[in-house]
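Remarks on the structure that follows.
We're numbering straight along the sequence, starting at 1. In this text, all values refer to a predicted model and were calculated from it rather than measured experimentally.
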Amino acid sequence: MGLWDKVKGEFIDIIEWLDDSRDTIVWRFPRYQNEIKMGAKLIVRESQVAVFVNEGQIADVFVPGTYTLQTQNLPILSTLKGWKYGFDSPWKAEVYYVNTRQFTDFKWGTQNPVMMRDPEFGMVRIRAFGAYSLRVTDPEKLLKELVGTDPQFRTEEVSEFLRQLIVGHLGSALATAQVPVLDLAAQQLTIGTKLAGVLTQELAGYGIQIPKFIIENISLPPEVEEALDKRTSMGVLGNLDQYTKFQAANAMEAAANNQGGAGEGFGLGLGMAAAQQVANSMNAAQQRPQQYAPQQQYAPQQQYAPQQPQYAPQQPQYAPQPAPQAAPPPPLPQQEQWYAAINGAQAGPFDAGALGAQVQTGQINRDTLVWKNGMGNWAPAGQVPELGYLFGAVPPPLPPMG
């Protein structure tokens, strides 16, 4: 091999990138100590952009296509180099390939619950998770702001930053949407579209766009979901009186079909019928005084007693007047319901007695955050004047011994 062949072998004739990683955003062409030959072929495929960097400065950007590297195809780089060694001289420059396709393997989720105020349930904690896609829209800004001199910039290097950015905007998006918790599932697409626009606007300085943002699920704490399930069950049952009669009828039919369990089924049916009869009797007893009360105006019929002496012995049975019923007492005053932050979670509601019991057991102290309807924010229990009496009987902590 001659000297010219050895020197010629150090020059690069073809520059291209075939991505097989599926998670690489920026890849630097491995030039090592070789020089790019004047007249070499540059291949830029669809969803790629080639960026030439000369001495730390971005020189030229090539969109998809095949190029022969001549001076007319490198106007900026030609100006920077000056070509003092002649137009056929090779040069050393770094070539970065930027992947401009959509990256759809990004996931997001809330590590901690997001607090929001619901018009029906009050303060609630929600969790959410989903996915989103990312696309590079400005390769120059991406190289300057995030990539730097990284030879292989991957999605994992930016995913955590984007997740924190998303969670930071999620609470604001849910609050400004003013959608009740029970209607969030129907508005997930609208909220996701809104978040995609907000994130794209904020990431414009990095040359990144969020084309798609998906909210896969929004969930409530387990205790709230359990309460909602009970409420749904009550709605499905509907009229409890009709449901009870239906259950009694089923029990009697089962007793007729099953001789071994006839006694139990029949007893259950009789018990339900007896309970129904007792309820009917009570209703009739309450309504009877009202039915006969208007007839009491005819009670002074004793003025006809001298003309009908034969009926005198029967009159005493009408003499007793029905005893007036006492007025029912007024309803008890509504007690205030308190919520407290115990062990990092919302607990309650507590009435005054239950709140005092929590103080006695040490679950709630002066520094515990509490809240009730009408308070703007959570506040330490010791700073709420209405709860001062709860801590008066609790002894302070012992002084250090020794």
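Using a 4.5 Å heavy-atom cutoff, the side chains of Asp19 and Tyr97 are not in contact. Taking 4.5 Å as the limit, some side-chain heavy atom of Gln48 sits within range of a side-chain heavy atom of Trp17. Between Asp150 and Glu157, some side-chain heavy-atom pair lies under the 4.5 Å cut-off. Ile15 has its side chain out of reach of Ile43: every pair of non-hydrogen atoms, C-beta onward, lies at least 4.5 Å apart. In this structure, Tyr132 and Leu162 have side chains that are in contact, with non-hydrogen atoms separated by less than 4.5 Å.
Using a distance-only test at 3.5 Å, with no hydrogens or angles considered, a donor-acceptor pair links the side chain of Thr110 to the main chain of Ala128. Judged purely by atom type and a 3.5 angstrom limit, Thr24 has no side-chain atom pairing as donor or acceptor with the backbone of Arg154. Judged by distance alone, with hydrogens and angles left aside, the side-chain atoms of Ser172 form no donor-acceptor pair with the main-chain N or O of Gly168 at under 3.5 Å. Of the possible polar contacts, one joining the Thr368 side chain to the Asn365 backbone as a donor-acceptor pair under 3.5 Å is found. With Arg45 contributing its side chain and Pro64 its backbone, the two residues share no donor-acceptor pair below 3.5 Å.
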Could you walk me through whether Leu355 and Ile364 pass side chain to side chain contact (heavy atoms under 4.5 Å, CB included), step by step?
-> CA-CA 8 Å; Leu355 200 65; Ile364 296 178; 3.6 Å; yes
May I have the step-by-step check of salt bridge (Lys or Arg N to Asp or Glu O under 4.0 Å) for Glu46 and Arg101, ending in yes or no?
-> CA-CA 9 Å; Glu46 291 291 342; Arg101 72 173 179 86; over 6 Å; no
Give the intermediate values and the outcome of side chain to side chain contact (heavy atoms under 4.5 Å, CB included) for residues Trp378 and Gln346.
-> CA-CA 11 Å; Trp378 293 73; Gln346 176 181 311; 4.0 Å; yes
Criterion side chain to side chain contact (heavy atoms under 4.5 Å, CB included) on Leu134 and Leu203, from CA distance to verdict = CA-CA 10 Å; Leu134 177 146; Leu203 294 172; 5.7 Å; no
So Val158 and Tyr206, side chain to side chain contact (heavy atoms under 4.5 Å, CB included) or not? Walk me through it.
-> CA-CA 11 Å; Val158 73; Tyr206 301 97; over 6 Å; no
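Annotation: Phe153, atom CZ; neighbour count of heavy atoms from other residues, nucleotides and ligands within 6.0 Å is above 12. The environment of CG in Asp23 is crowded: more than 12 heavy-atom neighbours from other residues, nucleotides or ligands sit within 6.0 Å.
Expressed to the nearest 0.5 Å, how far CZ of Phe103 lies from CZ of Arg135 amounts to 10.5 Å. Rounding to the nearest 0.5 Å gives a distance of 9.5 Å between CE of Met116 and CE of Met123. For the atom pair CD of Gln188 and CG of Asp183, the computed distance is 11.5 Å after rounding to the nearest 0.5 Å. Summarising the geometry, atom OH belonging to Tyr67 is positioned 12.5 Å from atom NZ belonging to Lys41; distances are rounded to the nearest 0.5 Å. Taking CD1 of Ile214 as the start and CZ of Phe129 as the end, the distance is 12.0 Å to the nearest 0.5 Å. The CG atom of Leu143 lies 10.5 Å from the OG1 atom of Thr149; values are rounded to the nearest 0.5 Å.
Residue Ser133 is tested with Lys212, Gln209, Gln102 for a side chain to side chain donor-acceptor pair (under 3.5 Å); the sole match is Gln102. The only member of Lys194, Gln164, Glu202 that meets side chain to side chain donor-acceptor pair (under 3.5 Å) when paired with His169 is Glu202. The side chain to side chain contact (heavy atoms under 4.5 Å, CB included) test with Leu174 singles out one residue from Ile215, Leu184, Leu195, Val179, and that residue is Leu184.
When every heavy atom of Ala131 is checked against every heavy atom of Trp108, the shortest pair comes out as N-NE1, 3.2 Å. Nearest approach of Val136 to Leu142, heavy atoms of both residues: CG2-CD2, 3.6 Å. Val384 and Ala379 get closest at one heavy-atom pair: CG2-CB, 4.3 Å. Contact record, Leu390 with Val359: O-CG1, 3.7 Å, taken as the closest heavy-atom pair. Smallest separation of non-hydrogen atoms from Thr137 and Ile208: OG1-N, 4.0 Å. The two residues Trp27 and Glu16 have their closest heavy-atom pair at CZ3-O, 3.9 Å.
By the 30° and 60° cut-offs, the orientation of the rings of Tyr339 relative to Trp371 is tilted.
The salt bridge (Lys or Arg N to Asp or Glu O under 4.0 Å) test applied to Glu160 returns Arg163, not counting sequence neighbours.
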